[in-house]
Amino acid sequence: MDPALLRDRELFKKRALTTPAVEKRPSASSESSKKKRAKLEPSGTSGSKPSLDGSNGSFNLKSLSGSSGYKFGVLAKIVNYMKTRHQRGDTHPLTLDEILDETQHLDIGIKQKQWLMSEALVNNPKIEIIDGKYAFKPKYNLKDKKALLRLLDKHDQRGLGGILLEDIEEGLPNSQKAIKALGDQIVFVTRPDKKKILFYNDKSCQFTVDEEFQKLWRSVPVDSMDDEKIEEYLKRQGISSMQDSGPKKIIPVQKRKKTTSQRRRFKTHNDHLAGVLKDYTDGAPGKS
């Protein structure tokens with residue numbers, strides 16, 4: 001080593017030894033306050049704050065043990081897991097122990113497990129029970145692209161319109177692959193709220209219309225027809241229109257104008273002295 005560096009290190013050691021170090025000792029009051037705080041906050045109680053799991057940065061559900069937040073957090077994780085595995089193609093039902101094992105919740109208490117079995121999973125609209133086991137229950141349970149095409153065709157024949165893409169993605173395993181394989185047999189329509197609807201593309205309806213008929217069709221005025229009148233006409237013809245297919249219009253609330261009768265009335269005083277007091281508005285009273 002360089003002699004200059006060795007010399008500097010020795011000087012540094014000497015200065016460090018000559019410098020006094022002051023250590024602050026904890027006072028008796030601070031120790032007693034820590035003990036009181038430890039008694040008030042025992043570990044494992046329902047009032048403890050939720051801690052973060054260092055491995056993935058998510059909330060640790062164990063810290064909420066015994067609270068309703070912990071129970072519903074476990075339920076939400078189970079339903080979401082069952083949905084995800086259904087979308088992957090794993091549609092076979094599972095026992096509760098298998099679900100808890102795959103969601104890493106085998107350490108839940110007996111009360112929480114009993115609540116899941118007797119109440120939470122039984123009454124959940126997205127879970128169905130098959131031979132004592134649990135499976136995901138989508139709005140439309142579709143096996144493949146042929147089932148999807150039959151469903152869209154049935155909706156079209158009954159005049160029900162299309163189906164939301166999110167409902168199809170929920171019930172059809174590997175939905176994107178199946179939709180891509182159908183090609184031009186289906187039609188996408190995007191609503192104003194950005195949600196997509198799938199329609200059956202009935203190619204038998206694709207024909208050439210005479211130009212003269214097109215002119216007659218376009219000459220019919222429809223300005224006076226609103227959505228309610230169109231729906232009423234369709235009902236008379238035996239055709240049902242799509243319900244709740246688009247975003248609802250918010251009607252602005254009109255503010256009522258205050259009339260003259262609604263103006264604030266001021267309370268009068270000294271009503272009990274009416275007829276006793278004299279009115280001096282016309283001038284000072286004459287001397288007697």
Side-chain angles (χ1 to χ4, degrees), residues 56-59 61 72-105 116-117 120-206 234 239-249:
N56 52 13
S58 61
F59 279 104
L61 294 175
F72 286 102
V74 173
L75 176 62
K77 189 173 181 180
I78 288 173
V79 174
N80 188 53
Y81 171 75
M82 297 298 286
K83 177 183 175 180
T84 303
R85 68 184 294 274
H86 183 91
Q87 291 173 334
R88 287 199 310 258
D90 299 333
T91 57
H92 60 278
L94 299 174
T95 63
L96 181 58
D97 289 333
E98 289 173 338
I99 294 171
L100 294 175
D101 184 20
E102 295 187 17
T103 55
Q104 298 179 357
H105 282 298
L116 289 170
M117 292 176 62
L121 294 177
V122 175
N123 298 326
N124 194 287
K126 290 298 180 183
I127 299 294
E128 63 178 342
I129 301 174
I130 303 172
D131 297 331
K133 297 182 179 181
Y134 303 93
F136 184 70
K137 184 181 179 182
K139 187 174 182 178
Y140 303 104
N141 197 358
L142 306 169
K143 293 183 178 180
D144 49 25
K145 62 181 181 181
K146 292 181 180 179
L148 171 60
L149 197 63
R150 284 195 300 269
L151 177 65
L152 292 172
D153 187 15
K154 189 184 293 183
H155 266 245
D156 182 66
Q157 294 295 331
R158 294 179 179 179
L160 300 175
I163 301 174
L164 281 169
L165 175 61
E166 60 187 32
D167 290 338
I168 293 172
E169 288 176 339
E170 181 187 73
L172 178 61
N174 305 312
S175 58
Q176 293 298 328
K177 186 178 179 180
I179 292 170
K180 189 176 181 181
L182 290 174
D184 61 349
Q185 296 182 73
I186 56 177
V187 178
F188 282 94
V189 175
T190 305
R191 295 192 324 195
D193 60 354
K194 307 299 181 182
K195 289 187 176 182
K196 292 184 178 181
I197 304 177
L198 266 68
F199 290 86
Y200 177 71
N201 188 13
D202 191 356
K203 294 184 180 180
S204 63
C205 297
Q206 297 176 1
L234 291 173
I239 303 172
S240 60
S241 60
M242 286 186 67
Q243 300 294 327
D244 299 329
S245 60
K248 295 181 181 179
K249 295 181 180 179

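Note that the structure is predicted; figures quoted are calculated from it, not measured.
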Between [atom1] on residue [X] and [atom2] on residue [Y], distance to nearest 0.5 Å:
X	Y	atom1	atom2	result
Asn201	Leu182	CG	CG	11.0 Å
Ile130	Leu94	CD1	CG	10.5 Å
Ile78	Asn124	CD1	CG	10.0 Å
Thr95	Met117	OG1	CE	9.5 Å
Met82	Asn80	CE	CG	11.5 Å
His105	Leu116	NE2	CG	9.5 Å

task: With sequence neighbours left out, write down each residue that passes salt bridge (charged side-chain N to carboxylate O under 4.0 Å, His left out) with Arg158, or none if nothing qualifies.
output: none

query: Can His155 and Arg150 be counted as having a side-chain donor-acceptor contact under 3.5 angstrom?
result: no

Closest non-hydrogen atom pair between [X] and [Y], with its separation:
X	Y	value
Ile99	Tyr134	CD1-CB, 3.8 Å
Gly171	Pro138	CA-CB, 3.5 Å
Pro173	Gly89	CB-CA, 3.7 Å
Arg85	His92	NH1-O, 2.9 Å

Please examine the side chains of [Y] and [X], heavy atoms only from C-beta on, and report whether any two atoms are closer than 4.5 Å.
X	Y	result
Ile179	Leu198	yes
Ile127	Lys137	no
Gln157	Lys154	no
Val189	Phe199	yes
Leu142	Leu151	yes
Ile168	Leu164	no
Ile197	Leu165	no
Gln185	Tyr200	no

- prompt: Stepwise, does the side-chain contact (heavy atoms from CB on, under 4.5 Å) test hold for Glu170 with Phe136?
  reply: CA-CA 10 Å; Glu170 181 187 73; Phe136 184 70; 3.7 Å; yes

Is [X] salt-bridged to [Y], cutoff N-O under 4.0 Å?
X	Y	answer
Asp90	Arg88	yes
Glu166	Lys195	yes
Asp131	Lys133	no

Identified side-chain hydrogen bond (donor to acceptor under 3.5 Å, both in side chains) counterpart of Glu169 within the set Gln176, Gln87, Lys196: Gln176

- prompt: Going through the distances and angles, do Asp144 and Asn174 end up as a side-chain contact (heavy atoms from CB on, under 4.5 Å)?
  reply: CA-CA 9 Å; Asp144 49 25; Asn174 305 312; over 6 Å; no

